[in-house]
Structure formats: structure tokens, C-alpha cells
Amino acid sequence: QSLYLHILQMRGTALGECRHKSREMYNRALSQPALVAHGKEIIRQYMQAMREEQTGSSHIQMACFYIDTHLSEPFTLETVAKHVFVSKCYLCRMFRNEIGQSFSQYVTNQRLDRAEHLLRNSDLPIDRIAEQCGFGSAAYFATSFRRRNGIAPTVFRRQLKHQGGTAAT
């Protein structure tokens, strides 16, 4: 399922559009051999990144990878901790010590980074960007975006268009 969600995300398809036809969408998104090949490639890239990365703990690296590949989904600290085989308290402490942010700050910043990327590189509506970045609503996304950048996502996008593709934040 994670692989399927990753493929949908890469193709710009909203998860909400596909929820009711999951089995059919698996087959429509990619053929089974292509899906398996794509999965193997994701795993190969993940393993290579894990070998090349020498700083920080492997638990934090795995947690960050999980977060980055599941941003469009709702998840909790507990979900990620189970995925990387550590306790919630330990993972929370590791985020503070190694990343310098709380778990929730890191997740929100990753979601906002992806949202900025989508605002720069797509014409998706704001509510669709909010959904693809894992925000519960477009209003919560706009509030979080404004808190970090000082402007609303719509203003940010408008500035991009007026400045030829780069907005000052």
C-alpha cells in the first residue's frame, strides 16, 4: 500500500480520488511487474541511502524516510516509532537531540516544504495541495503556511507568478 501511495503521489493523483477503488487502482496505476520493479527500485534507493549516510542514528534515518514517504497520510509518533522498532519516548528524544526539532515540528516542516514545492511547480488547487501534504484541511494548511512564511499560500503563489517563478519567503 505504501508503494501504491508513493506512485499516486508521484503521478499527482489525490488519494481521496482513489480510495473507493483501491484494488482496481493498483492495477490501473502500474502493471504488476512494473509495480514490483518500482518497489525494488525504491527499496534499493533506500538501502543505498542508508549505507551512504554516516551521520545520525539509523533509527532517525528510517523515521525520516518513513515520514518523507508518507507525508500525505495521517500518522502519529507512535506509528513511526513502531515502524522503526523503538519506543515513542525514545524516538521523541532522538528527534530533539539529532534533528533539533520535536517530532511534530519536523513533520510540519516537511509537509510545508512539500507544499512550497507544489505551489512552485504545479497548478494544483490549494485544497488539493493541503490534502497531498497531509494537512487535515485547507484552513489548517493555510494557517501553518502563514505562521511559517508570513503570507498565505495563495499570496505566495501569486508572488511566484509575478516574480517569474521564485518567491521570497
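Numbering of residues begins at 1 and proceeds along the displayed sequence.
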Between His70 and Phe75, is the ring centre distance below 6.0 Å?
no
Under the side-chain hydrogen bond (donor to acceptor under 3.5 Å, both in side chains) test, residues paired with Asp123 that sit two or more places apart:
none
Parallel, tilted or perpendicular: ring planes of Phe156 versus Phe145, cut at 30 and 60 degrees
perpendicular
With rounding to the nearest 0.5 Å, note down the distance linking CD1 in Ile99 to CE in Met94.
9.0 Å
Across all chains, not counting sequence neighbours, the side-chain hydrogen bond (donor to acceptor under 3.5 Å, both in side chains) partners of Thr79 are Thr76
Please enumerate all residues that pass side-chain contact (heavy atoms from CB on, under 4.5 Å) together with Ala139, with sequence neighbours excluded.
Ser137
Is the backbone N or O of Ser102 less than 3.5 Å from a side-chain atom of Gln105, with the two atoms forming a donor-acceptor pair by type?
yes
If the condition is ring pair (Phe, Tyr, Trp, His ring centres under 6.0 Å), which residues does Phe95 pass it with, not counting sequence neighbours?
Phe103, Tyr106
Applying salt bridge (charged side-chain N to carboxylate O under 4.0 Å, His left out), which residue pairs with at least one partner in residues 104-113 are found, sequence neighbours left out?
Asp113-Arg148
Here the gap from Gln132 atom CD to Leu124 atom CG, rounded to the nearest 0.5 Å, amounts to 5.5 Å
Under the salt bridge (Lys or Arg N to Asp or Glu O under 4.0 Å) test, which residues partner Asp127, sequence neighbours left out?
none
Sorted by chain and residue number, the salt bridge (Lys or Arg N to Asp or Glu O under 4.0 Å) partners of Arg158 (sequence neighbours excluded) come out as none
Ignoring hydrogens, what is the shortest heavy-atom contact between Ala130 and Ala138? Give both atom names and the distance.
CB-CA, 3.8 Å
With a 4.5 Å limit on heavy-atom distance, are the side chains of Ser144 and Phe135 in contact?
yes
CD1 of Ile151 to CZ of Arg157: how many Å apart, nearest 0.5 Å?
12.0 Å
Shortest non-hydrogen contact from Val84 to Ala63?
CG1-N, 3.5 Å
Just verifying a value: how many Å separate Ser72 OG and Ile129 CD1, rounded to the nearest 0.5 Å?
13.5 Å
Rounded to the nearest 0.5 angstrom, the CD1-CG distance for Ile60 and Asn97 is 9.0 Å
Can you name the residues that form a side-chain hydrogen bond (donor to acceptor under 3.5 Å, both in side chains) with Gln110, not counting sequence neighbours?
Asp68
Hey, could you give me each pair passing salt bridge (charged side-chain N to carboxylate O under 4.0 Å, His left out) that has a residue in residues 74-87? Not counting sequence neighbours.
Glu78-Lys82
Which distance, rounded to the nearest 0.5 Å, do you find between the NE2 of His83 and the CG of Leu91?
11.0 Å
Sorted by chain and residue number, the side-chain hydrogen bond (donor to acceptor under 3.5 Å, both in side chains) partners of Ser122 (sequence neighbours excluded) come out as none
